[in-house]
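Order of the sequence lines fixes the chain letters, A, B, ..., with proteins taken first and strands second; residue numbering starts at 1 for each chain.
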Amino acid sequence: MPMEKTFDAAEAEARLYAMWEQAGAFKAGANASRAETFSIMIPPPNVTGSLHMGHAFNNTLQDILVRWHRMRGFDTLWQPGTDHAGIATQMVVERELAMAGNAGRREMGRTAFIEKVWEQKVSSERTILGQLKRLGASCDWSRTAFTMDPNFHDAVIKVFVDLYNKGLIYRGKRLVNWDPMFETAISDLEVENIEVAGHMWHFKYPLAGGATYEYVEKDAEGNVTLREVRDYISIATTRPETMLGDGAVAVHPSDARYAAIIGKLCEIPVGPKAQRRLIPIITDEYPDPLFGSGAVKITGAHDFNDYAVAQRNGIPLYRLMDTRGAMRADGAPYAEEAAKAQGIALGMPFSGAEVDAINLVPDEYRGLDRFEARKRVVEAITAEGLAVMVPNTAVTATAGSTPPPADDIPALIAYVEAKTIMQPFGDRSKVVIEPMLTDQWFVDTAKIVQPAIDAVRNGETVILPERDAKVYFHWLENIEPWCISRQLWWGHQIPVWYGFDLLPPTGDSDANFGIWKNDRTGDVMIGVHFFCASDELGAVRQASDHYFEVFNNSSMSIRIVENRSAALAFLDANAAKSQIEFPIWRDPDVLDTWFSSGLWPIGTLGWPEDTPELRKYFPTSTLVTGFDIIFFWVARMMMMQLAVVNEVPFKTVYVHALVRDEKGKKMSKSLGNVLDPLDLIDDYGTDAVRFTLTAMAAMGRDLKLSTQRIAGYRNFGTKLWNACRFAEMNGVWEGHTTRATPPAATATVNRWIIGETAKVRAEVDAALADYRFDHAANALYAFVWGKVCDWYVEFAKPLFDGATAAETRATMGWVLDQCMILLHPIMPFVTEELWHTTGTRAKMLVHTDWPTYGAELIDDASMREMTWVTTLIDEIRSARAQMHVPVGLKLDMLQLALDDAGRGAWTRNEALIKRLARIETLAEAVQTPKGAITIAVEGGTFAIPLEGVIDIAEEKARLSKTLEKLEKDMNGLRGRLNNAAFLASAKEDVIDETRGKLEQGDDEAGKLRAAIARLAEVG
RNA sequence: GGGAGAUUAGCUCAGUGGUAGAGCGCUUCGUUCACAUCGAAGAUGUCAGGGGUUCAAAUCCCUUAUCUCCCACCA
């Protein structure tokens, strides 16, 4: 059955993929013929839905490397899998529940909700794996992993426990980035700082007791520009709602304007007047005297800078908001607590601890969203006349004027500076992040970071392109503690159980719990003890040991309870019992997703078991990933693998760019410019999509994708297909055998194309070794289309019934085989299909040996000769076209002069030259006849008589134009050669090359001049 | 504020010291038996501006401009 005109991708892809899978072609170690291994861990896609273009790109590159190594006989593993993606997946499920009008997460309860998420995981994973298969990804699916698989989970927990025991993980009350929508802490990396239009308000904080001071302002020369008596200190803020949590006002120690009032108290001008708190005016290096008024309100519990100031100066921290970012409504009413709070504030110095038990929020703000509270605070202060006029041009908004503030604060106040401010947003929730004082788990990254830095510095792991290594270093060298606890439900629950630190009996006590009760009812907070263990049994053992040590009572036992309040209730209920039972409860939080994906390399290979796979494939060879997760993932994997198994996780990291739309915009759902890889595959076939991505994968460059480009590469597949179809029509595949080395060839064309094949094979290998995927693709494109199809196939046509027919058939078969082999890593489907369409093969293409031939196949004489032949044909065609000679018209040509090399070349290639240049006969002549066009090539001159057909003037113009261009080049070359400095300093081969070019050019120019002269004669 | 990168044909981009290329698009021609998802021919560039190093600069250095991205606590 003859081949179809085109490759039917839609029909063939599924069939071919099934064939590979059934044959186990992708299994780890399949086709291995040598001991060297090559392993890649897939960056596990999130089980949040489906794959996008970035995944298609990322996995295409991986597949190319994997298929290439597999064909080269490496023991190859491509490890697939998916990531549970805690916050992202939980968000997707919550959103779906909400859209379906179902009960929310809280109403469902943790267990039921987690079940829902598992359903999401199953369906998303099915989608994702299906997509990867359509993309042609040759992963070992039998090893598909998931970050919450039981064994992977065990590995994660073990690492947590180990790091905890080594003191590398700790729990602390710190200011963290809090996402009020998800009500969880997030890490620094999950915060996006975005510039938004905001405002800065200037307010007066009245001095306590109506105190006054002389405020003097000077210009740069020291001249007094302002001198007045003030009874307030002016501060600037972008967040008035946090004023209620101020602990101090700070000024720079060198700021003379405020020297007189350091240590004095001022009043926070918010809330009922009688209840306002007084805070001290302190000095700290942090305030910039040149910015604003030079005085900064210090709100330690709601600002990272202020937190540091508060820590340094022992300023209390007042948490004002609840987990949803609303002003607190818990605790005792404001009136009762204010005095106590003020007492603490006045009782400087303070330890710097949080004052959490009290609520500083006045009744009118309780429960309000932070932005609503901001609005009301601003209104109240303004109404009171405490807004400061800002005497500069930055004042853009006055009462009732435009522009309206962007953050929904009406322009009610006297003066406010419009100001673009950097505001933190949650990368998933897109809501404003609130710095929040909470208890969280942290990895002490500073203690494990150094090996990760060293490994890249000393080249044990190479990051490509190099500039990304700089980014990596910069981040690691300034690393902050990593907050790893998340107040979510979907993920690895933290393996820590808590129990109260109970005091031992005081001697005469016979009721052990009485001790606890006394402790609890007193002013001292009850401490908690941590039991970190890989499972509940371990925690119970630890707790037993602990309480046994404290109480020395052998009849005691441990009881697992739900949470802290259950533990308190349990103790209350059992206080009188003689039997001692101690409640412990597990930390409800889960680990940051990146903590678990940070263990992906060893976790998927079976660690902590000493598996054969771990020994063989770890450290992995290459990681292919996007630059956007260098910090999130690459750096964490480096740190964690080094901390856990003391080895780097991979030897090379290839960092690729982002896929953007054709206008260069990041693809996003909200912009509606997302190209779905599956749609493109449906329209153009997988090979076309893969080839496009590959050809555009220049290192470190964003990749702008257009469908036009994809169509072009689909055509490329068709081109190869039709070359094979041509071969079929000419009997190339009859009795064809697959062979590693080319057949012996005598014809120049055949020797030439064999040499070209050897050249492209070397180019492809070099390009892939350097991760220059674009070079590999472009080299193959130029070879297959530009050499094989444009020239070789055409050359071969007249040879199929000549003396070299058999040799030509064998050569063409071999060359096309090589095209399939070399293209297979990039275009697996069409090549595999052709492989079988064109003959009976011993092995599938996916397992066919990658060639190693090289320079020994390049025959310089043939290469030169074919260059001469193609140049001659080009010249004739060009002349014909410019003279408007009908394409179909066969012409007679005269040979005016030709050296021996030219004569030989002509003789050997006469048939093909005549065919491609549409020449009927060639005869020798001594001079150009009247009305002929002249063709000048290296070593010879030809003429084509066209009396009556051509326009003499036009031919003259053509020749003159060519000559002009040539002479311009010659002048340049002559200029260089006449320059003594050039001859003295340039390398010899450059000089030789220049001389050669000049000589050749002069020769050609001479011929052109002669031809022009001749035209003038006859004209 | 710090850092990185970009600026080459109409568009998207290659090109790291020897006088500029590809694909697409465009123009003209073409039903020659592999392919119209094609073929042949053709046009198009002060390599962002300025300065420097060099015999020689798109390429190396300095500088200016514009753009992009990353990081960062100016209230």
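- Note on Cys789(A): a base of the nucleic acid sits closer than 4.0 angstrom, heavy atoms only.
- Scored by the ring pair (Phe, Tyr, Trp, His ring centres under 6.0 Å) test, Tyr684(A) finds no partners at all (sequence neighbours excluded).
- Atom CD of Glu195(A) is separated from atom P of C71(B) by 14 Å (rounded to the nearest Å).
- Contact annotation for Asp874(A): backbone-only contact, meaning every heavy-atom pair under 4.0 Å involves sugar-phosphate atoms and none involves a base.
- A side chain to side chain contact (heavy atoms under 4.5 Å, CB included) with Leu476(A) is found for one member of Thr445(A), Val449(A), Val471(A) and no other, namely Val449(A).
- A58(B) and C47(B) have their C1' atoms separated by 5 Å, given to the nearest Å.
- Each of Arg877(A) and Asp306(A) was matched to the nucleotide of RNA chain B holding its nearest heavy atom; the match closer to the 5' end belongs to Arg877(A).
- A gap of 26 Å separates the C1' atoms of C55(B) and G21(B), to the nearest Å.
- Rounded to whole Å, the separation between the P atoms of A57(B) and G18(B) comes to 11 Å.
- The salt bridge (Lys or Arg N to Asp or Glu O under 4.0 Å) search around Glu241(A) returns Arg239(A), Arg374(A), not counting sequence neighbours.
- Set against C35(B), C73(B), A34(B), the side chain of Lys5(A) has C35(B) as its closest nucleotide.
- With sequence neighbours left out, the salt bridge (Lys or Arg N to Asp or Glu O under 4.0 Å) criterion links Glu4(A) to no other residue.
- Between the side chain of Lys719(A) and the base of C35(B), at least one donor-acceptor pair of N or O atoms lies under 3.5 Å.
- Rounded to a whole Å, the CH2 atom of Trp475(A) is 11 Å from the P atom of C71(B).
- Put simply, CE on Met827(A) is 12 Å from C1' on U37(B), counting in whole angstrom units.
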For nucleotides 22-30 of chain B, give me every protein contact, N/O to N/O, under 3.5 Å, one pair per line with atom names.
from	atom 1	to	atom 2	distance (Å)
C24(B)	O2'	Gln708(A)	OE1	3.0

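- The CG atom of Asp188(A) sits 7 Å away from the P atom of A72(B) (whole-angstrom rounding).
- Nucleotides C24(B) and U37(B) have their P atoms positioned 14 Å apart, rounded to a whole Å.
- Remark: Lys797(A) is not in phosphate contact with C33(B), judged by side-chain N or O atoms under 4.0 Å from OP1 or OP2.
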What pairs of donor and acceptor atoms, side-chain ones from residues 776-788 of chain A against any protein atom, are under 3.5 angstrom apart with sequence neighbours left out?
from	atom 1	to	atom 2	distance (Å)
Asn778(A)	ND2	Asp774(A)	O	3.1

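- Of the candidate nucleotides U37(B), C71(B), A75(B), A75(B) has the atom nearest to the side chain of Tyr286(A).
- Mapping Asn715(A) and Asp303(A) onto RNA chain B via the closest heavy atom, the residue that lands nearer the 5' end is Asn715(A).
- Atom-to-atom, CE of Met422(A) to P of C71(B) comes out at 10 Å; the value is rounded to the nearest Å.
- For Asp682(A), the salt bridge (Lys or Arg N to Asp or Glu O under 4.0 Å) partners are Arg134(A), not counting sequence neighbours.
- The side chain of Arg918(A) approaches U32(B) more closely than any other nucleotide in the set C35(B), U32(B), C55(B).
- For Asp188(A), the side-chain hydrogen bond (donor to acceptor under 3.5 Å, both in side chains) partners two or more places apart in sequence, or in a different chain, are Asn177(A).
- Using a 4.0 Å heavy-atom distance criterion, Arg714(A) is classed as a base contact.
- Nucleotides U68(B) and C60(B), compared at atom P, are 24 Å apart to the nearest Å.
- At most 12 non-hydrogen atoms from other residues, nucleotides or ligands lie less than 6.0 angstrom from CD of Glu999(A).
- For His775(A), there are no ring pair (Phe, Tyr, Trp, His ring centres under 6.0 Å) partners two or more places apart in sequence or in a different chain.
- Atom C1' of nucleotide C73(B) and atom NE2 of His302(A) are separated by 17 Å, given to the nearest angstrom.
- Looking at Gln882(A) and Ser878(A), their side chains do bring a donor and an acceptor atom within 3.5 Å of each other.
- In this structure, Met3(A) reaches neither bases nor backbone, as no heavy-atom distance under 4.0 Å exists between it and the strands shown.
- Using a 4.0 Å heavy-atom cutoff across all strands shown, Lys961(A) reaches sugar-phosphate atoms only and no base atom.
- Counting any heavy atom pair closer than 4.0 Å across all strands shown, Gly786(A) reaches no nucleic acid atom.
- A search for ring pair (Phe, Tyr, Trp, His ring centres under 6.0 Å) contacts involving Phe57(A) returns His656(A), not counting sequence neighbours.
- In this pair, Phe773(A) and Tyr771(A) present their aromatic rings perpendicular. The plane angle is above 60°, beyond the 30 to 60° band.
- Annotated stems with RNA chain B as a participant read B:1-7 with B:65-71, B:10-13 with B:21-24, B:26-30 with B:38-42, B:48-52 with B:60-64, given as range with range, by first number; only runs of 3 or more Watson-Crick or G-U pairs under 3.5 Å qualify.
- Taking the P atoms as reference points, C61(B) lies 12 Å from G17(B), given to the whole Å.
- Using C1' as the reference atom, A40(B) and A36(B) are 13 Å apart when rounded to the nearest Å.
- Residue Phe304(A) is out of contact with every strand shown, counting any heavy-atom pair closer than 4.0 Å.
- Across all strands, Glu794(A) comes closer than 4.0 Å to base atoms (heavy-atom distances).
- A distance of about 29 Å separates the P atoms of G25(B) and A6(B), rounded to the whole Å.
- The CG atom of Asn730(A) sits 13 Å away from the C1' atom of C35(B) (whole-angstrom rounding).
- Between Glu477(A) and Ile453(A) the shortest heavy-atom distance is CG-CD1, 3.8 Å.
- U37(B) atom C1' lies 13 Å from atom CG of Leu720(A), rounded to whole Å.
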(request) Between protein and nucleotides 15-21 of chain B, map the contacts as a letter string: B base, S sugar-phosphate only, - none, heavy atoms under 4.0 Å, written 5' to 3'. (result) S--BB--

Donor-acceptor pairs are to be reported for all side-chain atoms of residues 283-297 of chain A against protein atoms at under 3.5 Å, with residues two or more places apart or in another chain.
from	atom 1	to	atom 2	distance (Å)
Asp284(A)	OD1	Tyr286(A)	N	2.9
Asp284(A)	OD1	Arg312(A)	NH2	2.8
Asp284(A)	OD2	Arg312(A)	NE	3.1
Asp284(A)	OD2	Asn313(A)	ND2	2.8
Glu285(A)	OE1	His252(A)	NE2	3.2
Tyr286(A)	OH	Asn305(A)	ND2	3.4
Asp288(A)	OD1	Leu290(A)	N	2.9
Ser293(A)	OG	Ser234(A)	O	2.4
Ser293(A)	OG	Ala295(A)	N	3.3
Lys297(A)	NZ	Thr242(A)	OG1	2.7
Lys297(A)	NZ	Asp246(A)	OD1	2.8
Lys297(A)	NZ	Thr299(A)	OG1	2.7

